[in-house]
Amino acid sequence: MDRLNIRSFAEWDFPFNRPLIISGPCGVESEEQIHEVASGLAKLNVHLLRGGIWKPRTRPGSFQGIGSEGLKWLKDAGNINHLPVMVEVANPKHVEEALKAKIDVLWIGARTTVNPFLVQEIADSLAGVDIPVMIKNPINPELELWIGAIERINKTGIRQIAAIHRGFSTFEKTKYRNVPNWQIPIELKRRFPNLPLICDPSHICGTRNLIGSVAQTALDLNYDGLMIESHAHPEMALSDAEQQLTPDALGEILNRLVVRSAVIEDVIFINRLEELRDRIDNLDEEILNKISQRMEIAREIGKYKKENNITILQVERWNEILRTRLKFGLDHELTREFILKMYELVHDESILQQTSMMNTEDPEMKKAALDSIEGKEQ
Ligand code: PEP
Ligand code: MN
């Protein structure tokens, strides 16, 4: 039986109403930077100020975080703006420094959650301390590893725990920096209904323009809060520049969000819809990719035909294409009309691309060639 001994959001030391909004920069960069963004956020409905002090970066040589001296700047910025503050800890040394600086909430990053040794060390360093800890999902889509990290922290006596969903790493390129795989956090919520669940659309999206819609999906799925990165001058940010929002832009997103009280059937329906839409998005990308590769080959053929003085349109070839594609399409539940229309379009474009290759130097010739192919394939 899965069991966690935790408090609900309403019973935390500083109780949160749903949805909890966490914001702040990816990394604390300077005293001025954290004060500027914090004062912007204080004007919004933000409850918790985040700021990375030690940044887990993929490659050495990039900004690794400002280090311990930033803890005081963050805490001061929080005090001035009446916001509790939150940092990422990745080892017991970080925990010690953060506790010394009176940081209010800790979070464990995705690259730490994957490592049970490190999570256990962090848990041990928290023995006897009563501080809220939020645990991001591991970078790989493995629910048990996420649960394992939550249990390790819980077993040490921490009872104010939340999970943060920040998406999962994939080899294939998608529109997301980290694909959401909504079914994983939903399963977590099903198994641990009183565990607060927060979505981090910034690290899921990787770009500013998707953040609003992912945040809305999370709320529609009944998440308890959002963690969204912000920076007064995102273009100058030393890490995650593309995904940080100005406080004004964040304010606009927050104003547009609709908070519904979801019932479970809605949650399952929205999750399924979202999953299906993601699959369509990926397939469309694949289709366009393949068509563009097809056109590249058409241009190559055009060049080759030119070098060998061969005409573009070879009727037998076109008949062969139509015959085989029609059969394949009909076998795969596509209609005759659709395949014919689609191939006409593809073929016309293909001939255009070949023609442009063959007559690149002479626009008159090119036009004549284009005119001559018109209407040929009825
Ligand atoms: C972060 O929140 O800035 C961060 C490093 O996140 P993650 O662990 O999700 O990559
Ligand atoms: Mn970041």
Side-chain angles (χ1 to χ4, degrees), residues 20-29 33-34 37 41 46 48-60 62-67 70-71 74 85-91 94-95 98 103 105-116 118-119 122 132-143 145-146 149-150 153 162-170 176-182 184-185 188 197-208 210-211 214-215 218 223 225-246 250:
L20 165 73
I21 306 293
I22 304 168
S23 190
C26 179
V28 174
E29 299 168 358
Q33 174 243 13
I34 189 65
V37 72
L41 295 175
V46 167
L48 197 47
L49 175 66
R50 63 155 279 159
I53 294 291
W54 304 279
K55 297 305 301 174
R57 306 306 302 285
T58 305
R59 306 277 300 271
S62 42
F63 176 61
Q64 306 291 308
I66 199 74
L71 289 167
L74 176 67
V85 298
M86 173 173 185
V87 299
E88 173 176 351
V89 289
N91 60 41
H94 294 165
V95 172
I103 299 301
V105 178
L106 307 177
W107 92 80
I108 295 182
R111 289 163 195 77
T112 307
T113 308
V114 288
N115 185 336
L118 266 182
V119 174
I122 294 172
V133 179
M134 300 196 182
I135 300 160
K136 289 205 177 193
N137 66 256
I139 45 182
N140 54 319
E142 198 184 331
L143 178 59
L145 203 49
W146 196 2
I150 293 166
I153 298 300
I164 303 179
H165 168 220
R166 52 76 80 195
F168 303 87
S169 186
T170 52
Y176 299 112
R177 177 177 175 194
N178 293 291
V179 293
N181 282 342
W182 295 102
I184 295 178
L188 179 71
L197 178 61
I198 289 161
C199 181
D200 170 352
S202 305
H203 291 88
I204 289 177
C205 301
T207 78
R208 279 178 274 283
L210 296 174
I211 290 176
V214 169
Y223 277 52
L226 299 168
M227 177 194 251
I228 302 181
E229 285 185 345
S230 55
H231 195 292
H233 311 281
E235 68 291 346
M236 283 158 60
L238 299 180
S239 58
D240 289 352
E242 300 80 34
Q243 71 193 31
Q244 303 207 55
L245 294 164
T246 60
L250 174 67

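Position 1 is the first residue of the sequence, and the numbers go up from there. In each ligand, atom 1 is the first atom listed, and ligand 1 is the first ligand listed.
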**Request:** Output all residues satisfying salt bridge (Lys or Arg N to Asp or Glu O under 4.0 Å) with Glu88, sequence neighbours left out; order by chain, then residue number.
**Result:** none
**Prompt:** Looking at Val85, Ile21, Val105, which hits side-chain contact (heavy atoms from CB on, under 4.5 Å) with Leu48?
**Reply:** Val105
**Prompt:** So, Gln64 side chain and Ser62 main chain: donor-acceptor pair closer than 3.5 Å or not?
**Reply:** yes
**Asked** Ser169 side chain to Ile139 main-chain N or O, any donor-acceptor pair under 3.5 Å?
**Response** no
**Prompt:** Under 3.5 Å, side chain of His165 to main-chain N/O of Asn137, donor-acceptor pair present?
**Reply:** no
Pairs under 3.5 Å, nitrogen or oxygen of ligand 1 with protein nitrogen or oxygen:
from     : atom 1 : to     : atom 2 : distance (Å)
ligand 1 : 2 (O)  : Arg50  : NH1    : 2.8
ligand 1 : 2 (O)  : Arg50  : NH2    : 3.3
ligand 1 : 2 (O)  : Lys136 : NZ     : 2.8
ligand 1 : 3 (O)  : Arg50  : NH2    : 2.9
ligand 1 : 3 (O)  : Lys55  : NZ     : 2.8
ligand 1 : 3 (O)  : His203 : NE2    : 3.2
ligand 1 : 3 (O)  : Glu229 : OE2    : 3.2
ligand 1 : 6 (O)  : Lys136 : NZ     : 2.9
ligand 1 : 8 (O)  : Ala110 : N      : 2.8
ligand 1 : 9 (O)  : Lys136 : NZ     : 2.8
ligand 1 : 9 (O)  : Arg166 : NE     : 2.6
ligand 1 : 10 (O) : Arg111 : NH1    : 2.8
ligand 1 : 10 (O) : Arg166 : NH2    : 2.8

**Prompt:** Hey, what do you get for CH2 (Trp107) to OG1 (Thr113), rounding to the nearest 0.5 Å?
**Reply:** 12.0 Å
**Prompt:** What's the spacing between Leu49 CG and Met86 CE if we round to 0.5 Å?
**Reply:** 10.5 Å
**side-chain contact (heavy atoms from CB on, under 4.5 Å) partners of Leu245, counting only residues at least two apart** = Arg208, Ile211, Ile228, Ala249, Leu250, Ile253
**Request:** Could you point out which residue of Lys55, His231, His203 forms a side chain to side chain donor-acceptor pair (under 3.5 Å) with Asp240?
**Result:** His203
**Item:** Protein N, O or S within less than 2.8 Å of the Mn ion (ligand 2), waters excluded
**Value:** Cys26 SG, His203 NE2, Glu229 OE2, Asp240 OD2
